[in-house]
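Just so it is clear: chains get the letters A, B, ... in the order the sequence lines come, proteins before strands, and each one is counted from 1. Values in this document were obtained by computation on a predicted structure and should not be read as measured data.
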There are 2 protein chains.
Amino acid sequence: MDKKIVFEEDITELARFAKAMSHPVRIHILKKLAHMNTCCYSGDLVEELPVGRSTLSQHLKELKNAGLIQGETEAPYIKYCLNRENWEKVRQLSKDLFD
Amino acid sequence: MDKKIVFEEDITELARFAKAMSHPVRIHILKKLAHMNTCCYSGDLVEELPVGRSTLSQHLKELKNAGLIQGETEAPYIKYCLNRENWEKVRQLSKDLFD
DNA sequence: TTCGTATTTCGTAAAATAACGAAACAAAAG
DNA sequence: CTTTTGTTTCGTTATTTTACGAAATACGAA
């Protein structure tokens, strides 16, 4: 009677992060925040991405829910930055997977 | 008139790979193949994973479509192995993202 | 307070995903 | 040829995702 495993925490967590990164719009945003080591506004992004404002907002929400970014109000804007702590976490999980 | 970008190849490619890895079952399989540096059979996997045979088969198909694994007939089994070439590719894309 | 700007939420529709059991398939064994 | 074994495909259902425009919200400026 071979036991069905329950997934290790690392596995579900990595899957969750991968899901958050499974769309080109979201990869673009993360790449921008990570590489330019900067923050950005929804308004900047909507100019350069091929989606509407509400759609972009949904993508930002998803990244936020996954813990990959965080938004800080800077009225009338909302400044989105990388969530460094979780970014390091997913980096580590990814490293564990590939190395 | 700020131009909407078209996504760079690297971005769509990484998103595609991330999507393929966005489920715990699929992460489990990849992790097993990559870390134990081995191949495996659908029958082995179904014993240890909490999904039915047909569902598992779908996940294997998805990994195959994404180019992350490849199946080789070894009757009456099908032996699934990592697609080393694409594995290296996603490793590199991931490295580019995080480093 | 009213106006204007930046952004999100709501409502909706179309498409994709995940899951299962039943049926089909492929190939070795009898 | 028929059976058995391992696996996949099909048909179906429930859920999630992606997308959009319209309406709502938040808040500083006038």
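For A/Pro76, the listed nucleotide lying nearest its side chain is C/dA6; candidates were C/dA6, D/dT8, C/dT7. Checked against D/dT8, D/dA19, C/dT8, the side chain of A/Ile78 finds its nearest nucleotide in C/dT8.
Proximity of A/Thr55 to the phosphate of D/dA19: no side-chain N or O atom is located under 4.0 Å from OP1 or OP2. Put simply, B/Ser54 has no side-chain N or O that comes within less than 4.0 Å of OP1 or OP2 on C/dA19. Considering only side-chain N and O atoms, B/Arg53 lies nowhere under 4.0 angstrom from the phosphate OP1 or OP2 of D/dT9. One finds no side-chain N or O of A/His59 lying less than 4.0 angstrom from the OP1 or OP2 phosphate oxygen of D/dT17. Put simply, B/Lys19 has a side-chain N or O that comes within less than 4.0 Å of OP1 or OP2 on C/dT17.
Between the C1' atom of D/dG6 and the OH atom of B/Tyr80 lies a distance of 11 Å, rounded to the nearest Å. Rounding to whole angstrom units, CD of residue B/Glu62 and P of C/dA16 are separated by 12 Å. Between the CG atom of A/Leu56 and the P atom of D/dT18 there is a distance of 13 Å, given to the nearest Å. Per the geometry, CD belonging to B/Glu72 stands 14 Å off P belonging to D/dT8, to the nearest Å. The separation between A/Arg16 atom CZ and D/dT16 atom P is 15 Å, rounded to whole Å. In this structure, the CZ atom of A/Arg26 is 12 Å from the C1' atom of D/dT16, given to the nearest Å. Whole-Å rounding puts the B/Leu60 CG to D/dG6 P distance at 16 Å. Protein atom CD1 of B/Ile27 is 16 Å distant from nucleotide atom C1' of C/dA18, rounded to whole Å.
A donor-acceptor contact closer than 3.5 angstrom is absent between the side chains of A/Ser22 and B/Ser22.
A/Glu74 CD: more than 12 foreign heavy atoms inside a 6.0 Å radius. Residue-environment remark: CD (A/Glu88) exceeds the threshold of 12 foreign heavy atoms within 6.0 Å. For B/Arg16, the CZ atom is densely surrounded, since the number of other residues' heavy atoms within 6.0 Å is greater than 12.
Of the two residues near DNA chain D, B/Tyr77 and A/Pro50, the one whose nearest nucleotide lies more 5' is B/Tyr77.
From B/Leu60, atom CG reaches atom OH of B/Tyr80 across 5.0 Å, with rounding to the nearest 0.5 Å.
A/Gln58 comes within contact range of at least one nucleobase, with a heavy-atom separation under 4.0 Å. When heavy atoms are screened at a 4.0 angstrom cut-off, B/Ser57 is found touching base atoms of the nucleic acid. Note on A/Val46: nothing from the nucleic acid sits closer than 4.0 angstrom, heavy atoms only.
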